Amino acid sequence: MAKCAFIGLGIMGYPMAGHLQAKGHEVTVYNRTSAKADQWVAQHRGRAAPTPREAAEGAELVFMCVGNDDDIRSVAFGEDGALAGMAEDRVLVDHTTASADIARELEAAAKEQRKHFVDAPVSGGQAGAENGVLTIMCGGEQAAFERAKPAMEAYGRAVTLLGPAGAGQLTKMVNQICIAGLVQGLAEAMNFGMRAGLDMEQVIGVIGKGAAQSWQMDNRAKTMVQGKFDFGFPVEWMRKDLKICLEEANRNGALLLITALIDQYYHQVIKAGGRRWDTSSLIHNLQLLD
Ligand SMILES: NC(=O)c1ccc[n+]([C@@H]2O[C@H](COP(=O)([O-])OP(=O)(O)OC[C@H]3O[C@@H](n4cnc5c(N)ncnc54)[C@H](OP(=O)(O)O)[C@@H]3O)[C@@H](O)[C@H]2O)c1
């Protein structure tokens with residue numbers, strides 16, 4: 001069992017840190033809004049620290065799960081940042097979905113201080129975090145990954161090293177590119193079926209056992225039909241992720257034709273008030289076209 005720090009107790013981080021503590025690791029948490037850290041401590045009987053630096057002091061493994069590149073910089077770097085609190089040879093693991101550039105920047109900063117870094121974005125959503133069954137895509141050195149892997153298995157069902165620093169983030173980009181077009185296809189199909197007057201619950205039950213089956217169909221088709229979007233993976237996070245994908249594609253020359261279009265469709269959802277709606281709210285655009 002390891003002494004761990006967990007920084008960022010949002011929708012994802014809160015249950016992930018809870019799984020670490022439940023598996024017997026000794027966890028100290030930090031959250032910018034301290035009330036959430038207090039709530040976590042009351043629920044899980046761990047400890048809270050007032051800064052990322054103090055959370056990281058004495059920890060063998062330091063985990064972060066915040067919003068974007070800038071948020072990572074504000075908790076990892078500087079006088080009160082996690083790196084400043086970590087002793088030499090300790091491992092910093094970042095679960096934020098962010099750019100491959102920030103992963104490389106963090107690894108370089110860690111190396112300079114004789115510390116280690118693993119980028120480790122996750123897939124599986126809020127339910128995956130709460131049930132401890134996330135897919136974790138990692139980048140970094142093998143030895144650092146091996147040291148962090150057993151702890152990550154407290155909330156990860158598949159924890160895999162895919163290459164050097166940044167490879168986890170690049171894999172997460174592939175994941176998001178797969179999802180973007182698929183969700184639009186699912187939205188168009190559900191909208192079509194509804195307009196055709198079909199019993200969509202029955203349709204989903206039938207085609208969900210055939211070649212059209214997907215995680216999105218299993219978990220989002222019914223709520224799409226019901227127009228329920230106040231849960232799940234927020235559109236504003238998806239747009240942040242797609243921006244990262246499009247910027248990376250500008251560098252590597254990949255064509256993201258559909259992905260770029262879907263990014264615009266999500267922009268429309270946000271204009272309709274859906275910033276915090278689940279990504280399945282793409283169907284809302286189609287219903288506005290009447
Ligand atoms: N939600 C999902 O289904 C899902 C699925 C896969 C991946 N992800 C990714 O996982 C990451 C976290 O997502 P989430 O849904 O847990 O987000 P969230 O609920 O909005 O939580 C964000 C966390 O980061 C902290 N934070 C943000 N900016 C900060 C800053 N500048 N300084 C210090 N702390 C800061 C927040 O602190 P406060 O409490 O003070 O605001 C909060 O603890 C994101 O990169 C997201 O894309 C999310």
Side-chain angles (χ1 to χ4, degrees), residues 5-19 27 29-41 48-56 62-83 85 93-100 102-103 106 119-138 152 155-158 168-169 171-180 183 215-216 219-220 223 229-245 266 275-281:
F6 205 106
I7 294 161
L9 301 174
I11 289 176
M12 302 298 282
Y14 192 103
M16 288 160 78
H19 283 294
V27 184
V29 296
Y30 164 81
N31 197 66
R32 177 180 57 182
T33 307
S34 60
K36 256 195 243 173
D38 296 342
Q39 187 193 334
W40 188 93
V41 168
T51 62
R53 177 189 183 131
E54 284 161 273
V62 178
F63 300 93
M64 309 191 290
C65 188
V66 292
N68 58 29
D69 285 23
D70 287 342
D71 302 336
I72 293 171
R73 286 193 183 91
S74 67
V75 293
F77 297 138
E79 229 174 87
D80 283 333
L83 276 168
V93 177
D94 183 25
H95 288 305
T96 311
T97 303
S99 68
I102 185 84
L106 278 163
D119 54 302
V122 304
S123 172
Q126 183 175 0
E130 286 170 356
N131 297 323
V133 293
L134 292 168
T135 295
I136 310 183
M137 299 153 264
C138 302
M152 287 194 272
Y155 43 78
R157 184 166 52 187
Q169 296 297 354
T171 304
K172 174 75 182 184
M173 291 175 213
V174 175
N175 185 79
Q176 299 306 72
I177 294 164
C178 288
I179 289 173
V183 176
W215 185 98
Q216 297 293 337
N219 294 281
R220 294 292 187 267
T223 44
F229 310 122
D230 58 345
F231 70 102
F233 185 58
V235 167
E236 67 176 333
W237 275 161
M238 188 58 162
R239 279 212 87 203
K240 180 250 308 173
D241 295 358
L242 296 181
K243 182 167 180 270
I244 294 168
C245 296
Y266 278 125
R275 186 175 297 280
R276 295 296 295 179
W277 291 351
D278 180 66
T279 43
S280 53
S281 55

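Read the numbers this way: they start at 1 and go in the same order the structure lists the ligands and their atoms. For clarity, every value in this text was computed on a predicted model and none was experimentally measured.
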Is [X] in polar range of ligand 1, meaning some N or O pair under 3.5 Å apart?
X: K36; result: yes
X: H95; result: no
X: T33; result: yes
X: I11; result: yes

> Any chance the side chains of Q169 and D119 put a donor and an acceptor closer than 3.5 Å?
Replying inline: no

If the cut-off is 4.0 Å to any non-hydrogen atom of [X], which atoms of ligand 1 fall inside it?
X: K172; value: 6 (C), 7 (C)
X: G8; value: 43 (O)
X: C65; value: 10 (O), 11 (C), 12 (C), 23 (C), 24 (O)
X: G125; value: 3 (O), 5 (C)
X: Q126; value: 3 (O)

Under a 3.5 Å distance rule, please check whether [X] uses its side chain to pair with a backbone N or O of [Y] as donor and acceptor.
X: D278; Y: P234; result: no
X: Y155; Y: L134; result: no
X: H19; Y: A129; result: yes

> Going by heavy atoms in the side chains, are F77 and L106 under 4.5 Å from each other?
Replying inline: yes

> So, does G67 sit close enough to ligand 1 that a heavy atom of it is under 4.0 Å from the ligand?
Replying inline: yes

>> Heavy-atom distances under 4.0 Å decide this one: backbone, side chain, both or neither, for N31 against ligand 1?
In response: side chain

> What part of T97, side chain from CB on, backbone N/CA/C/O, both or neither, has a heavy atom under 4.0 Å from ligand 1?
Replying inline: both

>> Is the ring pair F6/F63 parallel, tilted or perpendicular, if the boundaries are 30 and 60 degrees?
In response: parallel

> In Å and rounded to the nearest 0.5 Å, what is the CZ to CZ distance from R276 to F231?
Replying inline: 13.5 Å

